[in-house]
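Have a look at the structure below, then the notes.
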Protein chains: 2
Amino acid sequence: MQHNRIYLLRLCRIKMKRRQTESKMGILNALKKANSALSHDMLETLIDTPIDRATIYRVLNSFCEDGLVHKTLGDDGKQYFALCGHCAENEHGHNHTHFHFRCLNCGKVECLKSDVHIPLPTGYTFENFNGFITGRCSICI
Amino acid sequence: MQHNRIYLLRLCRIKMKRRQTESKMGILNALKKANSALSHDMLETLIDTPIDRATIYRVLNSFCEDGLVHKTLGDDGKQYFALCGHCAENEHGHNHTHFHFRCLNCGKVECLKSDVHIPLPTGYTFENFNGFITGRCSICI
DNA sequence: TGTATTATTGCAACACAATCGCATTTATTT
DNA sequence: AAATAAATGCGATTGTGTTGCAATAATACA
Ligand SMILES: [Mn+2]
Ligand SMILES: [Mn+2]
Ligand SMILES: [Zn+2]
Ligand SMILES: [Zn+2]
């Protein structure tokens with residue numbers, strides 16, 4: 001179920017009429033390399049050839065629509081985007097009911113592996129989940 | 001451990017050199033009446049005598065500092081403030097490791113009672129938690 | 001390979017939540 | 001009643017993300 005980036009982009013090109021551009025490749029590579037969730041400003045510094053802010057957001061949101069990436073709102077008010085790696089799969093597709101951890105020292109945001117159990121009161125229906133934890137990662141003690 | 005609002009404000013006046021004002025009373029009453037987490041704009045509509053935006057935020061943040069209220073960042077990008085009712089108590093004071101639920105229909109934001117277990121990888125330290133669930137509440141089907 | 005189509009981009013303007021500086025007001029103390 | 005400084009209102013500012021639009025360029029197809 002793990003495909004490489006080129007394959008995924010090609011798939012999107014056909015299915016969603018996307019085009020393969022340098023911006024998309026750059027952003028996808030940065031996400032892959034970082035192996036963590038990235039915010040717009042993180043991407044801006046990570047990518048060599050400058051890309052406009054609006055473009056970065058548009059690319060990221062298109063990745064979300066296409067299922068390559070998921071978005072989570074950090075407790076710092078920023079959106080973070082991560083490649084869909086070990087997202088839990090179920091009958092409707094794959095879902096993102098996992099926590100995200102942000103290290104207050106190094107800033108890295110990671111998807112935590114454990115799938116979160118969501119304790120809804122009876123009669124409530126579920127639509128979306130966003131769980132953020134902050135602290136310090138093992139590298140930053 | 002449940003005190004009434006007047007008592008709490010009086011406590012803050014002495015301990016933190018706060019003053020008891022109409023704005024604070026209004027905001028505290030609105031929170032109490034709503035029995036749910038409120039955002040700035042919700043409060044603005046709920047309170048009769050108009051209070052300036054900056055003042056509302058300042059009052060709410062002072063309430064947070066004083067431990068009367070806790071703040072959570074909604075997935076809609078807004079801050080929600082709720083009276084500290086059944087927040088979990090531990091040796092360091094009380095913590096806010098519970099989910100918040102926002103009904104996509106009526107907009108109400110509630111503190112969910114169940115205390116969340118936070119699955120940190122080994123070597124990671126905990127600082128803060130923000131968990132938001134959206135869906136529909138039992139009233140809105 | 002050349003041309004048409006239209007997805008994508010950059011730029012500027014915009015929307016929105018929240019904060020800040022500062023002069024003024026006012027709750028509290030004496 | 002006067003002094004002190006916390007609290008307020010107003011306007012400006014920050015920060016994040018979106019949108020409109022004309023220009024660009026990736027893709028399809030003859
Ligand atoms: Mn995913
Ligand atoms: Mn609390
Ligand atoms: Zn770290
Ligand atoms: Zn509802």
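Order of the sequence lines fixes the chain letters, A, B, ..., with proteins taken first and strands second; residue numbering starts at 1 for each chain.
- At least one side-chain nitrogen or oxygen of B:Y57 sits closer than 4.0 Å to the OP1 or OP2 atom of C:dA18.
- Note on B:R53: every side-chain N or O is 4.0 Å or more away from OP1 and OP2 of D:dG9.
- The side chain of A:R13 places an N or O atom within less than 4.0 Å of a non-bridging phosphate oxygen (OP1 or OP2) of D:dT27.
- At a cut-off of 3.5 angstrom, the base of D:dG17 holds no donor-acceptor pair with the side chain of A:R58.
- A close approach under 4.0 Å does occur between a side-chain nitrogen or oxygen of A:R18 and OP1 or OP2 of C:dT8.
- Listed pair A:K24 / C:dT8 meets the phosphate criterion, a side-chain N or O lying under 4.0 Å from OP1 or OP2.
- Side chains of A:N128 and B:T134: no donor on one and acceptor on the other come within 3.5 Å.
- Residue A:T55 places at least one side-chain N or O closer than 4.0 Å to OP1 or OP2 of C:dG10.
- Remark: A:T21 is in phosphate contact with C:dT9, judged by side-chain N or O atoms under 4.0 Å from OP1 or OP2.
- Phosphate proximity of C:dT9 to A:S23: present, with a side-chain N or O under 4.0 Å from OP1 or OP2.
- Mapping B:Q20 and B:H40 onto DNA chain C by nearest heavy atom places B:H40 at the nucleotide closer to the 5' end.
- In this structure, a donor-acceptor pair under 3.5 Å is absent between the side chains of B:E110 and B:Y80.
- The shortest distance between the side-chain N/O atoms of B:K17 and the OP1/OP2 oxygens of D:dA5 is not below 4.0 Å.
- At C:dA18, none of the side-chain N or O atoms of B:N61 fall inside 4.0 Å of OP1 or OP2 (strictly under the cut-off).
- Within the 4.5 Å cutoff, the side chain of A:S114 has no heavy atoms near those of the A:H98 side chain.
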